[in-house]
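Everything numeric here is computed off the predicted structure, so don't read it as measured data.
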There are 2 protein chains.
Amino acid sequence: MSAPKTRRRGAATIDLVLCSARHGRLHVLVTKSAGGTPVLPYAWSAEGEGLEQAARELARDVAGHPAAWLASGAATSAKRHPAGAALSVPFIGVMGPTVVVPSGSAWHAVDALPALAPRQKAMAEGALDTLRLHMDLAPVAFRLLPAVFTLSELQQAYELLLGRHLHKASFRRALQAAYLVAPTDEWRSEGRGRPAQLFQYAPRKRRGNHRSVRFDLIGR
Amino acid sequence: MSAPKTRRRGAATIDLVLCSARHGRLHVLVTKSAGGTPVLPYAWSAEGEGLEQAARELARDVAGHPAAWLASGAATSAKRHPAGAALSVPFIGVMGPTVVVPSGSAWHAVDALPALAPRQKAMAEGALDTLRLHMDLAPVAFRLLPAVFTLSELQQAYELLLGRHLHKASFRRALQAAYLVAPTDEWRSEGRGRPAQLFQYAPRKRRGNHRSVRFDLIGR
DNA sequence: GACATTAGTCGCGGTTTGTTACCTATTGCC
DNA sequence: GGCAATAGGTAACAAACCGCGACTAATGTC
């Protein structure tokens, strides 16, 4: 090893808030530190490696799967980080519901987290806001699902992200109009009730589809 | 608590992309380094001070005015920073069009910037995307204007942010429906044409105004 | 006064949307 | 098989919304 060079590891951590939809609620992947206390996965930022690249590798390492979608959140130096980092950059990732994580890690409902260090707690609680911020521009909801899904599952993913109930017929009509999904030949029988057709995310190019300005969201 | 630490330079900079609308285009405040080369205002992050707080102080220092709106962007370690920082956290701020900056600083159109260091260039070019991302949730367009403004000015601010032309009557109808502005008693005569009534940003509480899901934006 | 210019409004017609109702396919039970 | 229960999927209507062109209003210029 070389001489202790404090800058080598960087003064900042990359903290991963890996999200998944389980039982109708947003869950976050929590691992355990060497001491056994629960922590979000994190890594020291290394010079010469891109932050997002590092976050992707961290996600693959810790979940055994690449994240289906990833975005960075607001960097913060507030409160206490488990590693004592001066600065932390959160990355919010998304994965399908069937990913099985290695022992030592577990999915926790985002509103029932174990006792994380304050900074990580804040980052996890901000994850839903980040997802909401991006869901109109990126197919976040689709990335919470497997490659093939039913329309009811897709609607549930949207309801989870939006935090409100959607009307079935309206949802499907809007989806149809957007040419975002394509039906497959498969159908899935869930036990009771009529089997559901399976769809996949297959966006097709559309016209310049200008809609009105969204004043209605400003000011809560 | 932690022992009192010297306020040492962290390994990260806070870089300010201060935006303002001038002559129908988005402008960014650019200052000069000690050597005379153009740079975005930046500061080393100090332990014990919040990042956003530091960015607010930086804005006030460099423009003589507090930012009317501020949000953090995606932290990056890519490319070269003028101070050689390993990591940089951009903050995107917004100010009214009448702010006069001290000599040494100047407003530059965001698509005609002087030769900034690559990392700062990327951060400045990403500013409009950040503003667009937030404009549906926060009154970004209003913060590009003085406290009192005409509806035509407001429409121009929206057109600048959206990058497209809006229809006057539709814009005003949507604005009316959102109860976002209140008229003042003042009118402004701009020279030719009918005088315009002045308005101010005054959001009023509205019902749970749910609109449909925005599939139409996903996938470009 | 005629005209150009900018502000602000009205209303028609097509589109979108919330909602109710209905139809279809499957399971479980008698 | 017959039938209730359950869940997927569609049709159709009324109301709200939106793009758009046309209109009125106030001011300055010639």
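Rounded to an integer number of Å, the gap from B/Leu175 CG to D/dC18 C1' is 15 Å. As a whole-Å value, the separation of A/Phe149 CZ from D/dA7 C1' is 19 Å. Computed from coordinates, the B/Gln176 CD to D/dC17 P distance equals 13 Å when rounded to whole Å. For the pair A/Phe171 CZ and C/dT16 C1', the interatomic distance rounds to 16 Å; values are reported in whole Å. In this structure, CZ of B/Arg214 is placed 12 Å from C1' of D/dC18, rounded to the nearest angstrom.
Using modelled atom types, one finds a donor on one side chain and an acceptor on the other under 3.5 Å when comparing B/Arg119 with B/Ser88.
Distance alone, capped at 3.5 Å, is enough to place a donor-acceptor pair between the A/Thr31 side chain and the A/Val39 backbone. At least one donor-acceptor pair closer than 3.5 Å links the side chain of B/Gln197 to the backbone N or O of B/Thr184. When atom types are taken as modelled, the side chain of A/Glu159 and the backbone of A/Leu166 share a donor-acceptor pair closer than 3.5 angstrom. Looking at A/Gln120, its side chain never comes within 3.5 Å of a backbone N or O of A/Ala117 through a donor-acceptor pair.
Note on B/Ser170: a side-chain N or O is less than 4.0 Å away from OP1 or OP2 of D/dG19.
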With sugar-phosphate taken as primed atoms, P, OP1 and OP2 and all else as base, the protein-contact string of nucleotides 4-13 of chain C at under 4.0 Å (heavy atoms; B, S, -) is -BBBBBBB--

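With ring centers used as reference points, A/Phe142 lies 6.0 Å or more from A/Phe199.
Summary of the strand contacts: B/Gly191 and B/Arg211 both lie near DNA chain D, and taking for each the nucleotide with the nearest heavy atom, the more 5' one is attributed to B/Arg211.
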